[in-house]
Amino acid sequence: MTREEFEELVSQALDRIPPELMRLMDNVAVFVEDEPEAGDSDLLGLYEGTPLTDRGEWYAGVLPDRITIYRGPTLRMCETHESVVAETEITVVHEIAHHFGIDDERLHALGYG
């Protein structure tokens with residue numbers, strides 16, 4: 001799968017997020033990268049920033065939170081196009097959930113682990 005095709009999958013996954021949740025997202029950017037940092041070769045996605053639940057009066061003038069979805073690990077993990085589509089959607093939802101302050105334990109319990 002080309003990078004452009006994978007970026008389109010990420011875009012489609014973002015389009016499936018309910019609009020009422022998308023409106024609540026604040027100061028966050030989503031990126032697609034081919035590979036994570038060395039040593040994290042199985043990492044499918046990463047949220048970097050301050051979750052909405054942790055922001056206070058001090059939160060102003062900061063760079064956007066960053067959600068990165070990694071193409072290489074996803075393609076290596078999935079055997080079919082359909083599984084890439086499904087895993088990409090799960091990863092996008094998982095990382096957006098971190099933006100809303102939901103931790104890994106709760107996401108695993110909800111099936112987004």
Side-chain angles (χ1 to χ4, degrees):
M1 177 177 292
T2 68
R3 175 151 179 155
E4 292 78 22
E5 291 169 330
F6 189 78
E7 287 174 349
E8 181 60 27
L9 288 182
V10 171
S11 178
Q12 291 170 3
L14 287 167
D15 288 344
R16 286 190 285 276
I17 302 294
E20 54 274 11
L21 287 180
M22 290 300 284
R23 282 192 292 274
L24 295 174
M25 291 178 64
D26 182 45
N27 200 30
V28 62
V30 178
F31 299 91
V32 171
E33 297 290 341
D34 287 327
E35 296 292 337
E37 297 286 324
D40 286 330
S41 63
D42 294 335
L43 189 64
L44 303 180
L46 180 64
Y47 170 76
E48 299 171 285
T50 304
L52 294 175
T53 53
D54 293 344
R55 295 179 185 180
E57 295 173 9
W58 59 269
Y59 188 85
V62 299
L63 291 173
D65 292 1
R66 181 180 177 102
I67 291 174
T68 307
I69 309 299
Y70 296 107
R71 177 177 161 261
T74 304
L75 296 181
R76 287 191 295 275
M77 185 181 106
C78 299
E79 295 182 13
T80 66
H81 180 3
E82 293 76 20
S83 63
V84 172
V85 171
E87 191 58 51
T88 300
E89 187 164 333
I90 288 169
T91 303
V92 167
V93 169
H94 181 106
E95 301 310 330
I96 287 173
H98 285 320
H99 177 69
F100 284 100
I102 302 171
D103 65 19
D104 281 329
E105 182 178 330
R106 181 69 178 135
L107 285 168
H108 284 271
L110 293 170
Y112 290 98

In this structure, would I69 and L107 fall into the same cluster of hydrophobic residues linked by side-chain contacts under 4.5 Å?
yes
Give me the atom names and distance for the closest heavy-atom approach of L43 to P73.
O-CG, 3.2 Å
Looking at D40 and P36, what are the two nearest heavy atoms and their distance?
O-CG, 2.8 Å
Any non-hydrogen side-chain atom of V92 less than 4.5 Å from a side-chain atom of L9?
no
To the closest 0.5 Å, what do you measure between CG (L63) and CD (E48)?
11.5 Å
With sequence neighbours left out, write down each residue that passes salt bridge (Lys or Arg N to Asp or Glu O under 4.0 Å) with E8, or none if nothing qualifies.
none
Does one hydrophobic cluster hold both L110 and I96, with members joined at side-chain heavy-atom distances below 4.5 Å?
yes
Considering only residues two or more places apart or on different chains, which pairs with a residue in residues 54-95 satisfy ring pair (Phe, Tyr, Trp, His ring centres under 6.0 Å)?
H94-H98
For D34, all residues meeting salt bridge (Lys or Arg N to Asp or Glu O under 4.0 Å), sequence neighbours excluded
R3, R71
Is it true that L46 and L75 fall in one hydrophobic cluster, defined by side-chain heavy atoms closer than 4.5 Å?
no
By side chain to side chain donor-acceptor pair (under 3.5 Å) - contacts of S41 (at least two apart)
none
Kindly compute the distance separating CD1 (I67) from CZ (F31), expressed to the nearest 0.5 Å.
10.0 Å
Side chain to side chain donor-acceptor pair (under 3.5 Å) partners of T80, counting only residues at least two apart
S83
Can you find a pair of side-chain heavy atoms, one from V28 and one from P64, that are under 4.5 Å apart?
no
Does E33 have any salt bridge (Lys or Arg N to Asp or Glu O under 4.0 Å) partners at least two apart in sequence or in another chain, and if so, which?
R66
Nearest heavy-atom neighbours spanning C78 and V84:
CB-CG2, 3.5 Å
Not counting sequence neighbours, list each pair that qualifies as a salt bridge (charged side-chain N to carboxylate O under 4.0 Å, His left out) and has a residue in residues 14-31.
R16-E89, D26-R55
Should M1 and I90 be regarded as members of a common hydrophobic cluster, given that ILVMFWY residues are connected when their side-chain heavy atoms come within less than 4.5 Å of each other, either directly or indirectly?
yes
Please collect all salt bridge (charged side-chain N to carboxylate O under 4.0 Å, His left out) contacts where either partner lies in residues 94-112, sequence neighbours excluded, each pair once.
none
OG1 (T74) and CG (L44) are apart, to the nearest 0.5 Å, by 4.5 Å
Tell me whether V62 shares a hydrophobic cluster with F100, the cluster being built from Ile, Leu, Val, Met, Phe, Trp, Tyr side chains joined at under 4.5 Å.
no
Test salt bridge (Lys or Arg N to Asp or Glu O under 4.0 Å) applied to E87 - qualifying residues, sequence neighbours left out
none
How would you list, by chain and number, every residue that makes a side chain to side chain contact (heavy atoms under 4.5 Å, CB included) with M22, sequence neighbours excluded?
I17, M25
